[in-house]
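Order of appearance sets the numbers: ligands from 1, and atoms from 1 within every ligand. Start at 1 with the first residue, then count along the sequence. Just so you know, these numbers use all the heavy atoms, side chains as well, and skip hydrogens, waters and symmetry mates.
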Amino acid sequence: MNVNNLMAELERKHPGESEYLQAVREVLVTVEKTYNEHPELEANKIAERIVEPDRIFTFKVPWVDDKGQIQVNLGYRVQFNNAIGPYKGGLRFHPSVNLSILKFLGFEQIFKNALTTLPMGGAKGGSDFNPKGKSDREVMRFCQAFMTELWRYIGPETDVPAGDIGVGGREIGYLYGMYRKLARENTGVLTGKGMTYGGSLVRPEATGFGAVYFVRQMLETAGDKLEGKVIAISGFGNVAWGAALKATELGARVVTISGPDGYIHDPAGLDAEKIDYMLELRASNNDVVAPYADKFPGSTFYPGRKPWEVKVDIAMPCATQNELDGEDAKRLAANGVKYVAEVSNMGCRPEAIDLFIEKRIVYGPGKAVNAGGVATSGLEMSQNSMKISWSREEVDARLHQIMSSIHHACLEFGTEPDGYINYMKGANIAGFMKVARSMVEQGVI
Ligand code: 2IT
């Protein structure tokens with residue numbers, strides 16, 4: 001494989017799909033050397049085949065709002081690769097959603113899912129629908145309209161969607177209700193379900209919990225410990241709250257959270273009461289963080305700014321793609337950050353990652369760090385297939401084991417001659433080679 005030639009071809013075929021092209025380039029650059037040491041991969045054109053999704057569905061989602069007005073949104077499902085298991089990956093409802101973003105997310109999902117040790121392929125979907133400011137009934141009608149199209153393409157052994165930004169337990173409930181009615185079956189066709197209809201314990205907090213388990217191993221491998229560390233977190237959505245809760249429980253101090261309006265700096269650190277307050281604020285369909293500063297004295301709200309200017313030991317981007325750029329990375333490095341763990345998908349811009357690696361700051365990529373979410377979705381699928389329900393301890397123990405196994409894979413494939421662990425390289429090579437081998441063994445299809 002020649003990465004530059006392959007990228008030039010992809011840019012010609014998919015002009016302007018910047019997030020997708022960014023995600024593909026990162027993976028190909030890091031696996032190129034290993035790839036070229038395995039002639040069977042080139043002989044089977046694995047790179048050319050893996051960068052294109054198997055298929056993409058796009059559809060119109062008309063629905064009626066509370067004022068009786070007709071609204072029209074776009075819906076998508078990108079089925080990227082099912083070489084190692086059924087398509088699996090979340091649905092994102094956000095006004096920024098477009099094909100480039102869903103293709104980048106679906107592409108990353110292939111390798112993340114491969115790392116979890118569970119049999120899951122990669123997919124992603126969603127809509128440009130904005131749940132913010134919508135009434136509960138509007139969200140329900142939208143989810144029902146979305147599922148009347150999506151249900152034909154998915155199934156418990158075919159393609160299993162879940163949540164992502166803008167899709168949590170409430171949306172999964174409404175989506176599942178419509179699927180069940182249309183398909184006339186109760187199956188594990190979605191994950192992140194409620195506990196009354198086949199959900200798994202730990203799934204709501206699994207992405208954040210898994211990320212903190214992974215970060216703890218990053219620190220221990222570096223001869224360090226999590227206890228007493230100061231952490232900057234961005235966002236306060238599905239992922240950030242679990243990370244904040246677990247990090248706090250394990251003795252670290254989380255001093256920032258953020259929203260589209262700016263960030264909060266709370267030097268005393270978050271605690272269970274503050275996290276509960278933020279969850280309530282978010283449940284009111286509002287993603288601002290400013291009210292936190294009025295409620296908790298000693299904390300400050302910085303409008304329109306990002307939390308990466310605060311002096312911390314660990315930075316954990318938990319909001320969205322490309323939220324941490326080269327300038328942010330320079331500021332973090334100047335303030336002595338030692339670890340950066342991406343909990344959002346592709347949270348760091350390539351120039352930020354380059355800087356971390358150059359300065360030997362330990363950097364964990366989203367595919368490894370945030371894989372606990374989809375891994376626990378995989379555990380939900382296992383429980384649904386067996387028609388049983390595991391205890392919280394059982395699911396949490398399996399999540400621990402999976403995060404350890406991902407960490408081990410990163411060490412195996414990412415340790416550089418000077419001892420620095422390039423987690424990005426390790427995760428990309430381990431995930432890619434598993435899927436590639438599976439594709440070689442199954443022939444050209
Ligand atoms: O990015 C992700 O891994 C997710 N949004 C979770 C996907 C899933 O199927 O649980």
Side-chain angles (χ1 to χ4, degrees), residues 19 23 76-82 84-94 97 101-127 150 154-156 158-169 171-172 175-176 188-194 198-211 214 235 237-243 317-321 323 341-347 364-384 395 398-399 402-403 406 427 431:
E19 293 87 359
Y76 308 87
R77 186 71 178 164
V78 179
Q79 294 184 337
F80 224 114
N81 186 299
N82 67 346
I84 68 166
Y87 300 107
K88 178 85 196 88
L91 298 171
R92 178 175 291 192
F93 291 171
H94 192 271
V97 161
I101 290 181
L102 295 180
K103 281 172 67 181
F104 116 66
L105 289 163
F107 183 72
E108 296 249 302
Q109 201 81 44
I110 306 171
F111 310 108
K112 182 197 312 197
N113 292 4
L115 287 169
T116 65
T117 72
L118 303 173
M120 298 184 288
K124 206 81 188 190
S127 172
L150 184 70
I154 62 176
T158 318
D159 182 354
V160 183
D164 193 79
I165 293 170
V167 178
E171 290 75 18
I172 292 293
L175 290 164
Y176 185 82
V189 69
L190 293 167
T191 60
K193 298 187 293 298
S200 174
L201 288 165
V202 191
R203 178 63 190 91
E205 54 274 52
T207 311
F209 278 22
F214 193 89
N238 292 342
V239 166
W241 77 269
C318 292
T320 193
Q321 69 273 355
E323 56 172 309
E342 258 178 7
V343 195
S344 43
N345 291 310
M346 206 166 77
K367 308 186 181 70
V369 176
N370 76 29
V374 72
T376 309
S377 279
L379 299 176
E380 184 172 331
M381 290 165 72
S382 308
Q383 293 169 77
N384 292 161
V395 179
R398 287 178 188 270
L399 173 60
I402 290 170
M403 296 316 292
I406 298 172

I'd like to know if the side chain of Asn384 reaches the main chain of Gly198, judged simply by a donor and an acceptor atom lying under 3.5 Å from each other, with no hydrogens or angles considered.
yes

Just to verify, what does Arg203 make a salt bridge (charged side-chain N to carboxylate O under 4.0 Å, His left out) with, not counting sequence neighbours?
none

Using a 4.5 Å cut-off on heavy atoms from C-beta on, say whether the side chain of His94 contacts that of Asp164.
no

Just checking, any donor-acceptor pair under 3.5 angstrom between side chains of Glu108 and Asn345?
no

Identify the protein atoms, limited to N or O, that lie within less than 3.5 Å of an N or O atom of ligand 1, and list each pair with its distance to 0.1 Å.
residue: ligand 1; atom: 1 (O); partner: Lys112; partner atom: NZ; Å: 3.0
residue: ligand 1; atom: 1 (O); partner: Lys124; partner atom: NZ; Å: 3.0
residue: ligand 1; atom: 1 (O); partner: Asn345; partner atom: ND2; Å: 3.0
residue: ligand 1; atom: 3 (O); partner: Gln109; partner atom: NE2; Å: 3.0
residue: ligand 1; atom: 3 (O); partner: Lys112; partner atom: NZ; Å: 2.7
residue: ligand 1; atom: 5 (N); partner: Lys124; partner atom: NZ; Å: 3.4
residue: ligand 1; atom: 5 (N); partner: Gly163; partner atom: O; Å: 3.0
residue: ligand 1; atom: 5 (N); partner: Asp164; partner atom: OD1; Å: 2.9
residue: ligand 1; atom: 9 (O); partner: Lys88; partner atom: NZ; Å: 2.7
residue: ligand 1; atom: 10 (O); partner: Arg203; partner atom: NH2; Å: 3.0
residue: ligand 1; atom: 10 (O); partner: Ser377; partner atom: OG; Å: 2.5

How many angstroms lie between atom CD1 of Ile406 and atom CZ of Phe214, to the nearest 0.5 angstrom?
7.0 Å

N/O donor-acceptor pair under 3.5 Å between Thr116 side chain and Lys112 backbone:
no

